[in-house]
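Right, one structure below, let's go through it.
These numbers were taken from a predicted model, which means no experiment stands behind them. Below, chain A is the first sequence line, B the second, and so on; all start at residue 1.
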There are 2 protein chains.
Amino acid sequence: MFKKVLISDDLDSINHGVQLVTESLGISEVTQVQYCDDAYLKIKKGIMDEAPYELLITDLSFKSDHRAQTYTSGEALIKILSREHPELRIIVYSIEDRPLKVRYFFENYKIDAFVCKSRKGMNELKDAIRQVYNGKLYLSPQIQNSLNKQSHLEIEEYDVELLRQLAAGKSQDEISHEFKQQAISPSSLSSIEKRLNKLRIQFKSNNAIQLVAVAKDLGII
Amino acid sequence: MFKKVLISDDLDSINHGVQLVTESLGISEVTQVQYCDDAYLKIKKGIMDEAPYELLITDLSFKSDHRAQTYTSGEALIKILSREHPELRIIVYSIEDRPLKVRYFFENYKIDAFVCKSRKGMNELKDAIRQVYNGKLYLSPQIQNSLNKQSHLEIEEYDVELLRQLAAGKSQDEISHEFKQQAISPSSLSSIEKRLNKLRIQFKSNNAIQLVAVAKDLGII
DNA sequence: GATTTCCTTACGGTTAACCGCAACGGTAGA
DNA sequence: TCTACCGTTGCGGTTAACCGTAAGGAAATC
């Protein structure tokens with residue numbers, strides 16, 4: 001089993017719950033932090049001391065407070081760590097359960113497990129730690145279909161940007177000008193209309209208002 | 001100190017964290033549940049057995065799953081309990097920290113404390129239990145200004161319904177008919193236009209699309 | 001090299017949203 | 001009682017969104 005594990009979650013209640021899980025697995029050295037920056041520093045220090053952490057269990061969302069932070073989210077932390085220390089195993093433990101988001105993390109950052117905080121989250125986390133220790137990936141049962149569905153795959157970065165601009169209150173005409181200026185293609189008003197029409201059909205929406213609402217529900221924007 | 005306490009939170013990690021707090025206060029009989037319906041039944045049973053729970057510590061948001069529930073949220077649970085058993089002390093332990101929401105619970109349900117899940121949530125919860133035991137109210141420091149009513153900007157139920165209908169893809173004309181049918185006043189297209197205009201100004205939105213996006217971000221819908 | 005296909009763009013017509021103005025009715029205060 | 005005020009409703013004009021169609025161009029296919 002892992003010997004040295006780092007737990008990173010801003011909520012103290014959760015941190016204690018996770019610590020309970022690691023202890024039940026007989027992991028000797030477990031450290032808790034409540035800020036992503038602290039997690040980063042602990043991991044760096046572990047490597048310098050030649051006693052590196054083998055596993056990071058981290059939340060995604062961290063409330064900001066008076067302490068200024070370099071890494072303000074679990075994603076930022078995972079991003080830098082997965083690049084600088086690809087040998088570090090990472091388990092995401094989050095309330096997030098939208099398939100698109102889950103897949104995003106596996107595809108972009110090579111995480112080892114994604115466990116959804118839930119009624120059975122602690123048991124799932126225990127399973128996840130075991131699986132990851134054996135070199136396997138782990139996904140909470142409720143999101144196990146997240147990795148192979150291509151239904152959401154059709155959304156491009158362009159569409160996301162379009163939806164973001166809409167949600168920001170821009171008119172289609174303004175977006176057209178914006179895209180022309182940024183040399184984003186296609187940029188004509190007509191193309192933007194057509195693309196939005198496609199998205200409306202895809203997401204079964206009556207109009208742009210509902211479209212943005214649905215996109216927000218799905219975590220696309 | 002309290003002798004019999006009920007903890008209600010769907011996340012097992014949190015439940016364990018809260019249990020740790022109650023144990024540290026020397027509370028002998030602590031029960032955990034993960035569904036609001038279970039909380040309601042336990043409390044009813046306690047009264048029937050003439051060994052009632054003195055304190056309920058509950059979350060607000062509960063994920064729904066395969067189990068059909070009568071009470072699907074902490075609010076529904078608190079609503080019924082505060083009416084049927086006003087002698088029961090209630091502490092809300094939630095990630096919610098928006099002043100309007102916090103004040104809403106104090107004004108409508110006579111809760112005894114509102115503790116925000118946070119980095120220091122467990123300590124605050126401990127303080128809250130002590131204060132409530134001494135017959136006082138408790139508020140997490142970060143929301144202590146929530147109770148003074150400064151905000152005339154309060155959103156009415158009517159506005160929320162309007163925004164929901166918009167987000168569901170209804171046109172203003174359709175909403176007008178809908179409201180007429182349900183005898184919701186005002187229902188004229190003109191009034192709906194005017195109300196939406198007011199909301200747009202209030203939330204600094206350019207159009208209905210951005211308005212719905214902002215409302216979703218704020219958790220209004 | 002010609003044809004097909006896909007994408008971008010343009011344009012006109014229809015519908016819905018947005019905006020200001022004014023009329024109506026209920027209410028509270030003079 | 002009169003009047004000022006406020007919220008609701010109706011209406012006309014302007015703007016933006018929506019929708020179908022078609023022209024133009026690039027890449028792909030044959």
Side-chain angles (χ1 to χ4, degrees), chain A residues 150-217 220-221, chain B residues 149 151-217 220-221:
Chain A
Q150 54 264 43
S151 61
H152 296 285
L153 198 70
E154 297 151 20
I155 305 294
E156 306 170 23
E157 185 52 41
Y158 179 88
D159 297 311
V160 175
E161 183 57 27
L162 199 50
L163 292 170
R164 284 216 188 92
Q165 298 274 349
L166 266 188
K170 301 268 182 68
S171 72
Q172 296 180 13
D173 197 44
E174 286 172 330
I175 296 174
S176 171
H177 285 103
E178 181 89 17
F179 280 8
K180 277 184 173 59
Q181 203 158 9
Q182 296 183 24
I184 296 174
S185 173
S187 63
S188 74
L189 178 59
S190 183
S191 288
I192 287 171
E193 284 178 355
K194 179 171 276 191
R195 191 67 76 113
L196 284 176
N197 189 37
K198 195 200 73 181
L199 289 171
R200 274 204 308 278
I201 294 169
Q202 188 169 344
F203 291 110
K204 306 188 206 319
S205 300
N206 294 332
N207 51 41
I209 300 173
Q210 188 179 12
L211 178 60
V212 167
V214 169
K216 277 199 164 287
D217 286 339
I220 295 171
I221 55 176
Chain B
K149 54 176 86 179
S151 56
H152 261 284
L153 306 168
E154 190 139 3
I155 303 296
E156 303 172 24
E157 185 53 40
Y158 179 88
D159 297 311
V160 176
E161 184 57 26
L162 199 50
L163 292 170
R164 283 214 190 93
Q165 297 274 350
L166 267 188
K170 300 269 182 68
S171 72
Q172 297 180 12
D173 197 42
E174 286 171 331
I175 297 174
S176 171
H177 285 103
E178 181 89 18
F179 280 7
K180 277 184 173 59
Q181 202 159 9
Q182 297 183 23
I184 297 175
S185 174
S187 63
S188 74
L189 178 59
S190 184
S191 288
I192 287 171
E193 285 178 356
K194 179 175 274 192
R195 192 66 77 110
L196 283 177
N197 188 38
K198 195 200 74 181
L199 289 171
R200 274 203 309 277
I201 293 169
Q202 189 170 338
F203 291 110
K204 305 188 207 317
S205 299
N206 293 334
N207 52 41
I209 300 174
Q210 188 179 10
L211 177 60
V212 167
V214 170
K216 278 200 162 283
D217 285 339
I220 295 171
I221 55 175

Could you give the [atom1]-to-[atom2] distance, from [X] to [N], as a whole number of Å?
X      : N      : atom1 : atom2 : value
B:L196 : D:dA16 : CG    : C1'   : 16 Å
A:Q165 : D:dA16 : CD    : P     : 17 Å
A:K194 : D:dG20 : NZ    : P     : 11 Å
B:Q172 : D:dA17 : CD    : P     : 13 Å
A:I192 : C:dC7  : CD1   : C1'   : 15 Å
B:I209 : C:dA17 : CD1   : C1'   : 10 Å
B:R195 : C:dA17 : CZ    : P     : 18 Å
B:D173 : C:dC18 : CG    : P     : 13 Å

Check every atom of [options] against the side chain of [X] and return the nucleotide holding the closest atom.
X      : options                : result
B:A208 : D:dC19, C:dC18, C:dT8  : C:dC18
B:R200 : C:dA17, D:dA16, C:dC18 : C:dC18
B:P186 : C:dC19, C:dA10, D:dT9  : D:dT9
B:S187 : D:dC19, C:dC19, D:dT9  : D:dT9

Is a donor on one side and an acceptor on the other found under 3.5 Å between the side chain of [X] and the backbone of [Y]?
X      : Y      : result
B:S190 : B:S188 : no
B:Q165 : B:L162 : no
A:Q210 : B:A168 : yes
B:Y158 : B:P186 : yes

Q. Quick one: on DNA chain D, does B:N207 or B:L189 contact a more 5' nucleotide (nearest heavy atom)?
A.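 The residue closer to the strand's 5' end, by nearest nucleotide, is B:L189.
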Q.
For a quick test of reading the model, state the closest non-hydrogen atom pair linking B:N207 to A:G169 and the distance between them.
A.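 Looks like ND2-O, 3.2 Å.
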Q) Counting any heavy atom closer than 4.0 Å, what does B:S191 reach on the DNA or RNA strands: base, sugar-phosphate only, or nothing? A)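 B:S191: base contact, heavy atoms under 4.0 Å.
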Q: Would you mind classifying the nucleic acid contact of B:S185 as base, sugar-phosphate or nothing, using non-hydrogen atoms under 4.0 angstrom?
A: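 Nothing: the residue B:S185, judged by heavy atoms under 4.0 Å, touches no strand.
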Q.
Please determine whether any donor N or O and acceptor N or O are separated by less than 3.5 Å between the side chain of A:S190 and the base of C:dA10.
A.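 Checked by distance alone, the answer is yes.
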